[in-house]
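Lettering follows sequence order; numbering is per chain, from 1.
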Amino acid sequence: MTLLLQIHAQMIRNHFFLDPFAASKLIEFCAVSDFGNLHYARKLFDQIPEPNTFTWNTIIRGYSNSPFPKPSLHLFNKMLKSRATPNSFTFPFVIKACSHLAACKEGEQLHGFILKSGIDTDLFSVNGLIHMYGTCGKIDLARMLFDTSPERDLVSWNSMLSGYVNCGLLQEARNVFDEMPKRAVVSWNAMINGYIKCGEIDAARDLFDKMPTQNVESWNILIAGYAKCGRLESSRKIFNEMPEKNVVSWSAMITAYAQGDHPKEALVLFDEMKNCNVKPNWKTIVSALSACAHLGALDRGKQIHRYVDQSKMKIDSIIATALIDLYAKCGCIENAVRIFDVLPSKDVFTWTAMIGGLAVNGHGEKALELFSQMKEAGVRPNEVTFVGVLCACSHGGFVEMAKEYFDSMRTIYGIQPQIEHYGCMVDILGRAGHLKEAVSFLESIPVKANSVLWGALLGACWIHGDAKIGEYVGDLVIELEPDDGGIYVLLSNIYATVGRWDDARNLRMRMKSKGLSKSPGRSSIEVQGTIHEFYVGDKLHPRTEEIYLMLDEINLRLRFVGYTPNTSYVLFDVENEEKEEAVSYHSEKLAVAFGLISMEAGEPIRIVKNLRVCRDCHTALTFISQIFKRDIIVRDRNVFHYFRDGSCSCRDYW
DNA sequence: CGGCTAGCCA
């Protein structure tokens, strides 16, 4: 590229006339070669007073091969208005651009134009059209072209095959695959991909084993395929066995872990990848960041953020969204805002991440303010945006506003509310104590309320100590989800709070006889880049002894300021002392104790918990933040708690 | 004067 620029500069110095041929050559170098610079090519092109067909073809080809092929179509239309006429070389590029953009209308227009113009077309254009129609879902038109074409080559067959795969027509794809006279590796890959798209991973594997030679992509397709079916061990096995890996292989495996609820493994693999000197690209980074966000691993996330800065990777809206999500999910909302504010172009994903981040961090008003800014900026909210907006209403306690936003989804934006949105509404009504209204809401919605929705309402009954509605709702949930131990515990806790010990005990017995248990509380804390996990009362950590000593000190000092454990609803059938012990060793307390002994004074303690914080721990943590002069940030299953100087950001309302 | 088109896994 540098050399090219030098030559061009020389030409300008010597006052060479930039004739269309020389210009085309220059443009070709800029636009088409791998180290190309489309921007420069376009500048050159715009300087040419009268481009000829060759020049037009070159610039159109440049755009059609780039990730942003749209200008190809625009330039083609301009070409038609100019004196240059398109020829048989022009069409394949424009068709490719249409394919790439899935621009069906433009493609059909182009097809009509080609037929009318009488300009010679060859197999390349026909193949392009077959592919274009396949991509746009007009598979019948593709088939017609394929059947009526006087000749066919491997590319024609492959285009037809991928068209069927794209349209999800597995049987037709298989027919083409069986009939084709010759198969390339790409044909096999397309067919394997077809099976995976239709969820038939074992058939895909069968084909993979039968193909004569596999390439890296074949292996990569299988990694992703197994991951889609939730078979992570098989993905990993493929990953380990493959003869050579490229950056996509690594990214595919990291993404499989990140999206398959194994964020720790994702990060381990990310480190391994760097040790193997494979350079991560933006997709790897996004997956790694999302793993950090899941774990609440702030230090690791910051480390990756630094890497992005150092490697001069462009912070586009995709990476920015991942970073905003990371900082929001780690409770560093200021960092998220900082990234958001300097980002020049924000898309709906960026706005949505920021709105949801503010909402979950307890800044309901700000989130709603941002929502109106987003609308002013002309960005159309999607269904995820509304989850964030409703969440903001929920944490801010804006019941009436929530109803308005909820209605506007359908009336203004034409978005059908989904389970998540109903869930938010139940949450909002439930928190505000409008339990009866929440019940009738759930009974009136057009879809059948599932156990998650009723479960959310049951949680609200517990918070408000309403055993009457709780019983009604609880019975409903148990009927829907008879094997969820958490529900039994919740309902029996509700009974226990109002002193209905017999009912509570009966429920526990029912639960026990079914062999159910509640998923254990788990908290994790990051200390110097390492994640430490704690379960209720576990003694697995290497520093267990110190941790329990610290806990004793905490409990002593808590008592000193007049705090006694609230055990009204836990383990009602054990002795009082044991009850106290049970709440003292909740996983978040273990994590806090570990944080206090292992972190620098003044460093905030950040904890991620899989369930919701219980009322007792909430009170205890409030006191601890004051006694030990520590900021404690707990990420609950659905909200953040910032404990500082004896108060919590959720204003004891969650 | 040029020689494209098929695959897309993260």
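The side chain to side chain contact (heavy atoms under 4.5 Å, CB included) search around V216(A) returns N220(A), M242(A), E244(A), N246(A), S249(A), not counting sequence neighbours. Partners of R236(A) according to the side chain to side chain donor-acceptor pair (under 3.5 Å) rule, which considers only residues two or more places apart in sequence or in another chain, are N240(A), Y257(A). Qualifying side chain to side chain donor-acceptor pair (under 3.5 Å) partners for E108(A), counting only residues two or more places apart in sequence or in other chains: K138(A). Annotation: side chain to side chain donor-acceptor pair (under 3.5 Å) contacts of R606(A) (sequence neighbours excluded): none. In terms of the side chain to side chain donor-acceptor pair (under 3.5 Å) criterion, H421(A) has no residue partners (sequence neighbours excluded). Scanning for side chain to side chain contact (heavy atoms under 4.5 Å, CB included) contacts around F349(A) gives T321(A), D347(A), with sequence neighbours left out.
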Check your understanding: Where each pair must be Watson-Crick or G-U wobble with both distances under 3.5 Å, what dot-bracket representation of DNA chain B is obtained, with crossing pairs in [ ] and other-strand partners as |?
Key -> ..........
Exercise for review: Starting at the 5' end of nucleotides 2-7 of chain B, put B wherever the base has a protein heavy atom under 4.0 Å, S where only the sugar-phosphate does, and a dash everywhere else.
Suggested key: BBBBBB
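Rounded to whole angstrom, the span from the CG atom of N281(A) across to the P atom of dC8(B) amounts to 18 Å. The CE-C1' distance, from M191(A) to dC8(B), rounds to 16 Å in whole Å. Atoms CG (N166(A)) and P (dC9(B)) sit 10 Å apart, rounded to a whole Å. Regarding F208(A), its CZ atom lies at a distance of 12 Å from the C1' atom of dC9(B), rounded to whole Å.
The residue from W250(A), F239(A), F208(A) that alone fulfils the ring-ring contact (aromatic ring centres under 6.0 Å, His included) condition with W219(A) is F208(A).
For residues 276-289 of chain A, every residue pair satisfying the side-chain hydrogen bond (donor to acceptor under 3.5 Å, both in side chains) rule, not counting sequence neighbours, is listed here: S251(A)-T284(A), T255(A)-S287(A), N281(A)-T284(A). The ring pair (Phe, Tyr, Trp, His ring centres under 6.0 Å) analysis of residues 155-199 of chain A, with sequence neighbours excluded, yields the pairs F146(A)-W157(A), F177(A)-W188(A). Screening residues 297-318 of chain A for ring pair (Phe, Tyr, Trp, His ring centres under 6.0 Å), with sequence neighbours left out, gives H305(A)-Y327(A).
Of the residues in residues 242-269 of chain A, those with a non-hydrogen atom less than 4.0 angstrom from any atom of DNA chain B are V248(A), S251(A), A252(A), T255(A).
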